There are 2 protein chains.
Amino acid sequence: MPNARTATSTWSPQPDDDPATACPISPVVDLVFSRWTTPILWVLQAHGTQRFVELERRIGVTPKVLTQRLRQLERDGLVQRRIYAEVPPRVEYEITELGSSLHSVFAALGEWSDAHLADVEASRAAYTGPLPR
Amino acid sequence: MPNARTATSTWSPQPDDDPATACPISPVVDLVFSRWTTPILWVLQAHGTQRFVELERRIGVTPKVLTQRLRQLERDGLVQRRIYAEVPPRVEYEITELGSSLHSVFAALGEWSDAHLADVEASRAAYTGPLPR
DNA sequence: CCGAATCCCACTGGATACTG
DNA sequence: CAGTATCCAGTGGGATTCGG
């Protein structure tokens, strides 16, 4: 996905009729909030370096999917993978500096959750309209 | 999803080995960053009240999916739906106060994007490992 | 122990057409 | 205009097996 928005980015509302650039933060959202990526980054941030099986158990995800996500995160520079040529083999995953720079985003999210998640649940409980799906 | 922590966990001194609570912000992530929800909220925040077709065109999503997401957002109290009994019919969507309280989250995301998205793309370009999928 | 490879299903979401 | 209905392809992800 080419991000057409270059240097002159102001995060203020600006008329934009092109669906591709209608939501300028979409690239980051895809990057950080793809399925399982948030739990992975969170656990690595909270508990430090983890082995494969530790992540698997903590997060509750199958090895196949975990591998997919870890590769993606490694490719994007958010996670560092380290292999130790031992017997039995050992592979450790650590969050990178780039990855931990997301803490501000996660913090904002956590604060919003503390402040407003109850409102959402109240709204859900009070909602009577048609539920599609 | 189906996490089998059956309430009677009783005597398990495990700190937070429970996958369900491993990432406390997961509920909010599901809420705000489900597919299409971010573009919808962004457009409503940036351009104000919008009609159905305006959203459809600006975001580039099919009416079926748009309806699903809008209902969900309405149920969660992030979007307000207003129907005008006119001919032709008119329905307008507006972000609620609760919805716009997410601006801090979006702002944090935008700032991170400005500061670090280039690093991610550089890492992607430099990555030589195996690409699953 | 750390994955890769395969099979397979459920669900999401896209395209299209139709209604009030 | 504002959706709904239907069909369908793509994919995420679970289960299982195998290899290094």
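Keep in mind that what you see is a predicted model, and the values were worked out from it rather than measured. A note on names: the letters A, B, ... follow the listed sequences, proteins ahead of strands, and every chain is numbered from 1. Because only heavy atoms are used, hydrogens play no part in the values below, and waters and symmetry mates are left out as well, while side chains stay in.
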* Taking only residues two or more places apart in sequence, or in another chain, which ones meet A:Glu74 in a side-chain hydrogen bond (donor to acceptor under 3.5 Å, both in side chains)? -> none
* To do: Any ring-ring contact (aromatic ring centres under 6.0 Å, His included) involving residues 19-43 of chain A? Give me the pairs, sequence neighbours left out, ordered by first then second residue.
  => A:Phe33-B:Phe33
* Structure fact -> Closest of C:dC1, D:dG3, D:dC1 to the B:Arg51 side chain is D:dC1
* **Spacing between A:Glu56 atom CD and C:dC1 atom C1', to the nearest angstrom** => 11 Å
* Asked: Would you say B:Ser123's side chain and B:Asp119's backbone share a donor-acceptor pair under 3.5 angstrom?
  -> no
* For B:Gln50, side-chain hydrogen bond (donor to acceptor under 3.5 Å, both in side chains) partners two or more places apart -> B:Arg58
* Starting from P on C:dA5, measure out to CZ on A:Arg71 and report it in whole angstrom. => 10 Å
* Asked: Under 4.0 Å between a side-chain N/O of B:Tyr93 and OP1 or OP2 of D:dC1, yes or no?
  -> no
* To do: Using whole Å, report how far CD of A:Glu92 lies from P of C:dG3.
  => 11 Å
* To do: Could you name each residue pair satisfying salt bridge (Lys or Arg N to Asp or Glu O under 4.0 Å) that touches residues 89-102 of chain A, not counting sequence neighbours?
  => A:Arg82-A:Glu94, A:Glu86-A:Arg90, A:Arg90-A:Glu92
* **Under-4.0 Å side-chain N/O to phosphate OP1/OP2 contact, B:Arg81 with D:dA2** => no
What side-chain donor-acceptor pairs closer than 3.5 Å can you find for residues 106-116 of chain A, not counting sequence neighbours?
from: A:Trp112; atom 1: NE1; to: B:Ser101; atom 2: O; distance (Å): 3.4
from: A:Trp112; atom 1: NE1; to: B:Ser101; atom 2: OG; distance (Å): 2.8

* Asked: Atom CD of B:Gln72 and atom C1' of D:dG3: how far apart are they, to the nearest Å?
  -> 18 Å
* Structure fact -> Rounded to whole Å, CD of B:Glu86 lies from C1' of D:dG3 at a distance of 16 Å
* To do: If a protein heavy atom is under 4.0 Å from the base, mark B; if only from the sugar-phosphate, S; if neither, -; do that for nucleotides 13-20 of chain D going 5' to 3'.
  => BBB----B
* To do: Would you mind reading off the distance between A:Leu66 atom CG and C:dC1 atom P, rounded to a whole angstrom?
  => 14 Å
* Write down the distance between CD1 (B:Ile83) and P (D:dA2), rounded to a whole number of angstrom. => 12 Å
